[in-house]
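Okay, structure first, notes after.
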Amino acid sequence: MEKLAIPCQTNPPISVPASIIKARPLKFSSKPTKTSIFFTQKLTTKFNDDHLSYLCSNGLLREAITAIDSMSKRGSKLSTNTYINLLQTCIDADFIELGRELHVRMSLVDQVNPFVETKLISMYAKCGFLKDARKVFDGMQERNLYTWSAMIGAYSREQRWKEVVELFFLMMGEGLLPDAFLFPKILQACGNCEDLETVKLIHSVVIRCGLSFCMRVSNSILTAFVKCRKLSLARKFFGNMDERDGVSWNAIIAGYCQKGNGDEARRLLDAMSDQGFKPGLVTYNIMIACYSQLGNCNLVIELKKKMESMGIAADVYTWTSMISGFAQSSRISQALDFFNDMILAGVEPNAITIVSATSACASLKSLQKGLEIHCFAIKMGIAREVLVGNSLIDMYSKCEKLEAARHVFDTILEKDIYTWNSMIGGYCQAGYCGKAYELFMRLRESNVMPNVVTWNVMISGCIQNGDEDQAMNLFQIMEKDGEVRRNTASWNSLIAGYHQLGEKNKALAIFRQMQSLNFSPNSVTILSILPVCANVMAERKIKEIHGCVLRRNLESELPVANSLIDTYAKSGNIKYSRTIFDGMSSKDIITWNSIIAGYILHGCSDAAFHLFGQMKKFGIRPNRGTLASIIHAYGIAGMVDKGRHVFSSITEEHQILPTLDHYLAMVELYGRSGRLTDAMEFIEDMPIEPDVSIWTSLLTACRFHGNLHLAVQAAERLQELEPDNHVIYRLLIQAYALYGKSELALKVRKLGKESTMNKCTAQCWVEVRNKVQLFVSGDQSKLDVLNTWLKSIEGKVKKFNYHNQLSIDEEQKEEKIGGFHCEKFAFAFGLISSSHTPKSIKIVKNLRICGDCHQMAKYISAAHECEIYLSDSKCLHHFKKGHCSCGDYCCGESSLVEQVFHDLRSYVVSGNHFLDSCPIVCVAHYNCARH
DNA sequence: GGAACTACGT
């Protein structure tokens, strides 16, 4: 800009742009007339205005202030207009400091009036100082519509909807009503905080003040009803509208889309065209967003083609909603394909596109694609923006690239709490608890306040990494030190953490405490606590949680219903699983897998096959888990060829790479049917290294079918894999001893003695009529009654359908109580501890049930018409009418995994049994239970 | 006389 120095008598020489000089009238009459005085004043004002705004627009704030001060010293008062223009300059250029100076000077010369005050409100608000804006507002003598509009507009921009609605009521209290501009703002606020009552009130006010004809206002009412999720009201309002425009149609269509009712939205779209309204870009974008979220690829493509045929090009919103919608509906690779298509179509992504695409990469853990998008963000110059940066941190964390995540973290210019939480969460997930803690401490020193999420992330990080004390400590101090209120997620972090640590009892205690403090469990809580209760003796607790699910209307959430199916099945109640399954209006692959696995657990392979067929009929594609289960089911049914056929279909038909669970199911399939050589050959041909479960499965099969030669091989391989496992030692010794290799047996025994492993004590728990009794091996006190009874039936059991197994279980003697295994006492206690034979007995055993006891359970279930549910360390046995759901295959030596034992002992030791209403009766008191 | 600031979609 060309600058000229012009001499000036009253002011020091200053530079003024040529355009201003040109704009100045050049002629003055020598004698001042009334008009010319007016003109001169006006010119002076204009000159001052231009002069000051010139200084401002060039950033010469100090000079501007000096000029103002020297003007006021000379007694020339700045006009309100000048102040307003200056304040506007401050807004436009974000010169809040100058604005404050002006505010001070205006107050000093007492030149404040509603006009400038309103402008001051705008200025403070737009520069991000809402509190100062409010201070001006509160200090005002009189407020008019403009003032209210400025103040309400300020809260609206900050999305502080509640304050907007509050101000609306205050405004009405002062006898003022919004106009056609302000009503939409307030309605938007009501919609966003779902304040239906206020919307209804405004609706009636609008009718009374005759503003219903205004499209903006009535469209805003319509939108507010939609946002309050009152679609019936919205539809009624829409139907009653005298006039509708495209926006009205879009609003009602958006309402159905938000509810996921794409069909109704589609009908409205057609009706809209029929009534002569052309759907526009926004209409198509709404519809496409809806179908993208539903993951309906075909319809999205169809709609996009249709809009393009109407001459409407997909814009950045169209593509972005497709990308984010598909990412959210788990069709993540499709979402990333759309990102590519968008770039090819030459549409420039915006920050939200980048965020959506990055989060898609995060869920896919696709580092390659994530890096590409990071490059895009860098090229667009938005990689350091907080929103984009946050999603990049998340993506790198999920791809386990913590250093890259940290690099992004360090480069983000203005970190918000999400930035910190993402980084801390990333460290926690990766197990770097120390780094997370370090960052957490740094955050507490920064000017960003940790929020409840930060604390929750830290708690779950600590507990997942095993630092239970630190987790509890954080949980205790968060409210006092952190000034955040615990929420459901805080409790969930602890419950899920304890569940992962296998501390079921502590998880249940936290769950109880949570409820007693009136925190409502949500679906996450339910999903953490249900697996804890998957136990034949916890049915009451499960029903209690089921009740809680129904009260909170959580049964419609698929994962919750799926978990209920799974938990009931694992707890012996497959009928309940089925009832829930049948009652579900929508089912996903997990639903089908849960019920199928449930039936298999109960030995009902036919039901599993039937459901598998039905599932395919419904067009649900089986996944990895389904196929493993079905092979397992063919194993139980002894249908080897069918099982093999399913195995080959994994790769051929379903294009899935078989994993260890499929190989295990195949070994079991061969093993059960006695095709041990096939099993061995299958294991040797496996492209992945067989693990403990594979060899254990083979060993079980060898025991069942009496193949000592292969048993020794399996035991040797097991011993190689887990040299410190004492159970495997014992198996190996027994196998050698029985195979006639006593020298080897002795040698191994010597080695085994040197290892410090302790043998587990056998224990079992029996529940009869909601009372729980513990039997521990080695405790022989006061068991005469049971002993006598057991001896009386021993002979009968032997005659009953005995399967002659290869016995390598000789060492179990030491676990016995008075010559019997503890579960036999459990059977006896269950049967004779009250006057009637119970319909069912439920037992949990820490080790694996032996063949002998298994036999007795079968006998009892037939002779006494009493079903026995026995959950041992490996399997759920359901004895009924002389048969067991495991098909007699799952009994034998004690388990390799002693987890169940550990869990159960902790219940007793801590005195907190999971059935609140079921106190544990100690063994010595068993006689009292009869009365 | 000035000032408030224009509904539906990421």
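B/dA3 has A/Y146 stacked on its base ring, the centres lying under 5.5 angstrom apart and the planes within 30 degrees of parallel.
Distances were taken from every side-chain heavy atom of A/K119 (C-beta onward) to each of B/dA3, B/dT10, B/dG9; the shortest belongs to B/dA3. Of the candidates B/dG9, B/dT6, B/dA7, the closest approach to any side-chain atom of A/F181 belongs to B/dT6. Of the candidates B/dA4, B/dT6, B/dG9, B/dA4 carries the atom nearest the A/S149 side chain, counting heavy atoms from C-beta on. Residue A/P184 places its side chain closer to B/dA7 than to any other of B/dG9, B/dA7, B/dG2. Among the nucleotides B/dT10, B/dT6, B/dA3, the one closest to the side chain of A/R216 is B/dT6. When the nucleotides B/dT10, B/dC5, B/dG9 are ranked by their closest atom to the side chain of A/T320, B/dT10 comes out on top. Of the listed nucleotides (B/dA7, B/dC5, B/dT10), B/dC5 has the atom at the smallest distance from the side chain of A/R157.
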Between A/M380 and A/V388, is the side chain to side chain contact (heavy atoms under 4.5 Å, CB included) condition met? List the steps. CA-CA 11 Å; A/M380 289 163 64; A/V388 175; over 6 Å; no
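For the pair A/K126 and B/dC5, the criterion of a side-chain N or O lying under 4.0 Å from OP1 or OP2 is met. Side-chain N/O atoms of A/T223 include none lying less than 4.0 angstrom from OP1 or OP2 on B/dA7.
Here A/I352 lies in heavy-atom contact (under 4.0 Å) with a base. Among the heavy atoms of the strands lying under 4.0 Å from A/S324 are primed sugar atoms or P, OP1, OP2 only; no base atom is included. At a threshold of 4.0 angstrom between heavy atoms, the contacts of A/S356 with the nucleic acid are absent. Looking at heavy-atom distances under 4.0 Å, A/M287 makes no contact with the nucleic acid at all.
Here the CD1 atom belonging to A/I288 is positioned 6.5 Å from the CE atom belonging to A/M322, to the nearest 0.5 angstrom. How far CD of A/E385 is from CD1 of A/I354: 10.5 Å, rounded to the nearest 0.5 Å.
As a whole-Å value, the separation of A/I286 CD1 from B/dT10 P is 8 Å. Atom CD1 of A/I186 is separated from atom C1' of B/dA7 by 14 Å (rounded to the nearest Å). Going from atom CG of A/L268 over to atom P of B/dC8 covers 18 Å, rounded to whole Å. At whole-Å resolution of the value, CG in A/L86 and P in B/dG2 are 19 Å apart. Atom CD1 in A/I323 sits roughly 15 Å away from atom P in B/dT10 (whole-Å rounding). The distance between atom NZ of A/K304 and atom C1' of B/dG9, rounded to the nearest whole Å, is 17 Å. The distance from atom CG of A/L211 to atom P of B/dA7 is 16 Å, rounded to the nearest whole Å. Here B/dC5 presents its P atom at 17 Å from CZ of A/F183, a figure rounded to the nearest Å.
Counting distance only, with no hydrogens placed and no angle test, the side-chain atoms of A/N144 and the base atoms of B/dA4 include no donor-acceptor pair under 3.5 Å. Residue side chain A/N113 does not reach the base of B/dG2 through any donor-acceptor N/O pair under 3.5 Å, judged by distance alone.
The aromatic ring centres of A/W249 and A/F238 sit less than 6.0 Å apart.
Using a 3.5 Å distance cut-off with no hydrogens or angles, the side chains of A/S79 and A/T82 do pair a donor with an acceptor.
Using a 4.5 Å cut-off on side-chain heavy atoms (C-beta onward), A/F137 and A/L167 make contact.
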